[in-house]
Protein chains: 2
Amino acid sequence: MVTILDVSRKAGVSTATVSRVLNHPDMVDEKTRDLVHVASEQLGYRPNRIARDLARRSSQTIGVVVNNFASPYYGVMLDGVDEALVASGWNVIAETSRETAAGEFRAIQSLMDRQCDAIVVHANSLDDAALAELFRKNPKLVLMNRLLEPFQSRCVYLDNELGGRLAARHLIASGHVDIATIAGPETFHEVRSRLKGFAGALGEAGLALPDSRIVRADFSLAGGRRALADLIERQSGVTAVFAHNDEMAVGAIEAAYQMGLSVPDDLSVIGFDDMTIASLSRPALTTIGQPLRAIGTACGRLAHALSREADTSEIRRVFDAELIERETVSEPRH
Amino acid sequence: MVTILDVSRKAGVSTATVSRVLNHPDMVDEKTRDLVHVASEQLGYRPNRIARDLARRSSQTIGVVVNNFASPYYGVMLDGVDEALVASGWNVIAETSRETAAGEFRAIQSLMDRQCDAIVVHANSLDDAALAELFRKNPKLVLMNRLLEPFQSRCVYLDNELGGRLAARHLIASGHVDIATIAGPETFHEVRSRLKGFAGALGEAGLALPDSRIVRADFSLAGGRRALADLIERQSGVTAVFAHNDEMAVGAIEAAYQMGLSVPDDLSVIGFDDMTIASLSRPALTTIGQPLRAIGTACGRLAHALSREADTSEIRRVFDAELIERETVSEPRH
DNA sequence: AGGACAAATGTAAGCGCTTTCATTTCGATT
DNA sequence: AATCGAAATGAAAGCGCTTACATTTGTCCT
């Protein structure tokens, strides 16, 4: 391995000078600068980043923890973070939590051990208390797509209540009255918010959302299928369903077909997330979109600012959900 | 920051001893071991990984370069690599190339600068010559899902020819004779292999694949749509189409519908990859599956072995494509 | 010519660890 | 009790950089 010492010898200068032409070129005379460039070129010198980071006590990298890499949900946000940082020459390194609280904790620790200058974490297994503890201890943590009240300034998230409200209003505007929802697990804060907004908007329209019209599933296709079957069996008369993600919505549509119901004629369905599946399934799914990439870049920018102790006031924290109309909602038959 | 020195002082031992209890616990007496554990516990000591890596001249991490994070195609492979390494305590750090040759080069360099012990790269912009150059210089490089002849032992890839053959045989077995293909860009080696296998199998059945029945598209949905429209316009009589990925296949199906053709009754379609979209689109797409996760884990294991100069002979390099029958292929009408 | 000041460079300490080598400690053996 | 070898520990060098500080060189005045 060719080191800075080799270059300095070949160029006939001190290592300090070599280091300077790399990091503060304006501090050194043009002639010696050329000398160094030539030498380092000839030797094929590449600075050892580990050594540099140790000496600088900063790594110029942002860590990111996500549940997994396979789901585009995280992938898009990751790409967003990356996009926000690539221009500044900073790097992002990502680690997966494998969807457990222990994993989330471990990943954060590992990223801290690596001396990341800031860390963006998507956590939905760790509870508020544990998360708050971590955020208190480490001021360079950013929470991705989740709100942790006491550390609001370090959270970037979707307005899930708005999302729920939009879904409800669209269904109401289309003339529906008998409305149900396939919600995600109660442990997810997003789920609680979406439900709140949804129920709220129904209430404003004089419509109730009794517990019997809230059915839980696990965000999977199969879960959506089961949920809809349950719902139709128990609650006849339902003409519209709001599912908390697109997969469950598609599952619900499949189940509806199997039960002889046609979508949207007999049953309107609205999803959440606007992942690729929403635009590709047939009929194309009406859904609530969330700007995942933008959320990612905001996290990246926030983390970057935090790590340099720069001003963060200009960075957007709350993003709006948006109704994406496609083909699965229509007026109810009667 | 609490360092190893702090711990050593608190425990009343030397830093060497603290280091030993962390890395070679059996070398130190049980009593002093406890002493150190208690001290490091009380101080909340966390070893600085950067410093450790510098001293060890090894980072115990594998770098991975992929086109982007957003596509599950790469995400699944990444997850595979991660899965292969997590058990051994090694980490993976990933970087994106942003789909350019320059980006691929830059990402590899960056990962090398970070002293990754081995690097797994998915490259489809860099050409064979450039890649060979890199592989010659760096013996710790592994090529993911691509074959580079002179460095076969460091490549893990799908048998794309087999994939093409399977597609052709399935179509032939279903009774088709007028067969066309929507291929990816010629620059992709996968594309060339798939085409080779496809044409070969047709040939064996006495069927030809004239250039007029090969249409190129860019792996996108829209590209698939356009390609099919072209094809039908120019080549009447085609009853079956093999698309080089699922997105183009779905695009083709959409275009077919728009032209009043029904799938599979008027036109059979077979895709490639078996991504989520294949199972979710309606009608569900018949396709050629590739074991992306397994390919990823094989890359991870190979990289790990390479970095330790361990035996790699047991690691699988070539993976078989597999026919996944769903609903878009049937016998031709006549 | 001499001095003051800025610009350019070098010296060396230090970042937080690991590891070699030397030293000490401790049973076991005579 | 003396001796020996193995086990446990410590001292210190070193990993490849950066940077504070000291030194040298060059420029411009008077």
Side-chain angles (χ1 to χ4, degrees), chain A residues 1-40 43-61 89 91 109-117, chain B residues 1-40 43-61 89 91 109-117:
Chain A
M1 152 166 265
V2 20
T3 75
I4 201 173
L5 186 62
D6 301 323
V7 177
S8 75
R9 281 210 260 258
K10 176 137 194 165
V13 299
S14 73
T15 62
T17 300
V18 176
S19 173
R20 282 191 200 102
V21 345
L22 263 37
N23 303 302
H24 315 280
D26 41 316
M27 278 188 154
V28 5
D29 190 79
E30 195 180 329
K31 293 181 181 180
T32 53
R33 210 158 41 190
D34 290 346
L35 237 46
V36 169
H37 279 139
V38 169
S40 103
L43 296 174
Y45 171 63
R46 302 237 87 213
N48 180 326
R49 174 127 190 197
I50 302 269
R52 193 203 67 175
D53 288 352
L54 180 60
R56 282 211 198 141
R57 296 177 250 337
S58 143
S59 57
Q60 307 216 150
T61 104
N91 285 156
Q109 290 280 11
S110 162
L111 259 7
M112 282 170 42
D113 293 348
R114 272 176 189 278
Q115 312 300 114
C116 288
D117 293 334
Chain B
M1 151 166 270
V2 18
T3 75
I4 201 174
L5 187 62
D6 300 324
V7 177
S8 75
R9 281 209 260 259
K10 177 137 193 165
V13 299
S14 72
T15 61
T17 300
V18 177
S19 173
R20 282 192 199 101
V21 346
L22 262 38
N23 302 303
H24 316 280
D26 41 316
M27 279 188 154
V28 7
D29 190 80
E30 195 181 330
K31 292 181 181 180
T32 51
R33 208 158 43 192
D34 290 347
L35 237 46
V36 170
H37 280 140
V38 169
S40 103
L43 296 174
Y45 171 64
R46 302 237 88 212
N48 180 326
R49 174 127 187 195
I50 302 270
R52 193 204 67 173
D53 288 352
L54 180 60
R56 282 210 198 142
R57 295 175 231 19
S58 142
S59 57
Q60 306 217 149
T61 103
N91 285 157
Q109 288 282 12
S110 162
L111 259 8
M112 281 170 43
D113 293 348
R114 278 188 132 83
Q115 313 299 116
C116 287
D117 293 332

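So that the names make sense, note that chain A is the first sequence line, chain B the second, and so on, each numbered from 1. These numbers come from the heavy atoms of this one structure, side chains and all, not from hydrogens, waters or symmetry mates.
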- prompt: For the pair made of CG in A:Leu5 and P in C:dA12, what is the distance, rounded to whole Å?
  reply: 14 Å
message: Nearest heavy atom decides the nucleotide; on that basis, is B:Val18 or A:Asp29 closer to the 5' end of DNA chain C?
response: A:Asp29
query: Between C:dT18 and B:His24, is there an OP1 or OP2 to side-chain N/O distance shorter than 4.0 Å?
result: no
- prompt: From the list C:dT11, D:dA11, C:dT18, which nucleotide is the closest neighbour of the side chain of A:Ala16?
  reply: C:dT11
- request: Return yes if some donor-acceptor pair links the side-chain N/O of A:His37 with the main-chain N/O of A:Arg33 below 3.5 Å, else return no.
  value: yes
message: Without decimals, in angstroms, what is the distance between A:Ile4 CD1 and D:dT18 C1'?
response: 8 Å
- prompt: How close or far is atom C1' of C:dC15 from atom CG of B:Asp6, stated in whole angstroms?
  reply: 14 Å
query: What nucleic acid atoms does A:Ser19 come within less than 4.0 Å of, heavy atoms only: base, sugar-phosphate, or nothing?
result: base
query: With respect to the side chain of B:Arg56, which nucleotide from D:dT18, C:dG10, C:dT18 is positioned closest?
result: C:dT18
message: Taking any heavy-atom pair under 4.0 Å as a contact, classify B:Arg20: base, sugar-phosphate, or nothing.
response: base
- prompt: Would one find a side-chain N or O of A:Thr32 under 4.0 angstrom from OP1 or OP2 of C:dT9?
  reply: yes
task: Mark yes or no for whether A:Arg57, through its side chain, and A:Ala55, through its backbone, hold a donor-acceptor pair below 3.5 Å.
output: yes
task: Send over the distance from A:Arg33 CZ to C:dA7 P, rounded to a whole Å.
output: 15 Å
task: Please examine the side chains of A:Val18 and A:Val13, heavy atoms only from C-beta on, and report whether any two atoms are closer than 4.5 Å.
output: yes
query: Using 4.0 Å as the upper bound for N to carboxylate O, is an ion pair formed by B:Lys10 and B:Asp6?
result: no
message: So, does B:Asn23 get its side chain near the phosphate of C:dT18, meaning an N or O under 4.0 Å from OP1 or OP2?
response: yes
- prompt: Phosphate oxygens OP1/OP2 of C:dG10: is one of them under 4.0 Å from a side-chain N or O of A:Ser14?
  reply: yes
message: Would the distance check show the side chain of A:Arg49 and the main-chain N or O of A:Ser59 forming a donor-acceptor pair, the cut-off being under 3.5 Å?
response: yes
- prompt: For B:Arg57 and C:dT18, what is the distance between atoms CZ and P respectively, to the nearest whole Å?
  reply: 12 Å
field: B:Lys31 NZ to C:dT25 P, straight-line distance once rounded to whole Å
entry: 16 Å
message: Can you measure B:Met1 atom CE to C:dC17 atom C1' for me and round it to whole angstrom units?
response: 11 Å
field: Per A:Val13 side chain, nearest of listed nucleotides C:dC17, D:dC17, C:dG10
entry: C:dG10
message: Once you apply a heavy-atom cut-off of 4.0 Å, does B:Asp53 come out as touching a base, just sugar-phosphate, or nothing?
response: nothing
message: Base, sugar-phosphate or nothing for B:Thr17? Non-hydrogen atoms, less than 4.0 Å.
response: sugar-phosphate
- prompt: D:dA8 C1' sits how many Å from B:Leu35 CG, rounded?
  reply: 14 Å
query: What do the steps show when you test B:Asn23 against B:Arg52 for side chain to side chain donor-acceptor pair (under 3.5 Å), and what is the final call?
result: CA-CA 11 Å; B:Asn23 302 303; B:Arg52 193 204 67 173; 5.6 Å; no
- line: Result for 5'-nearest mapping on DNA chain D, choosing between B:Leu54 and B:Asp26, is B:Asp26
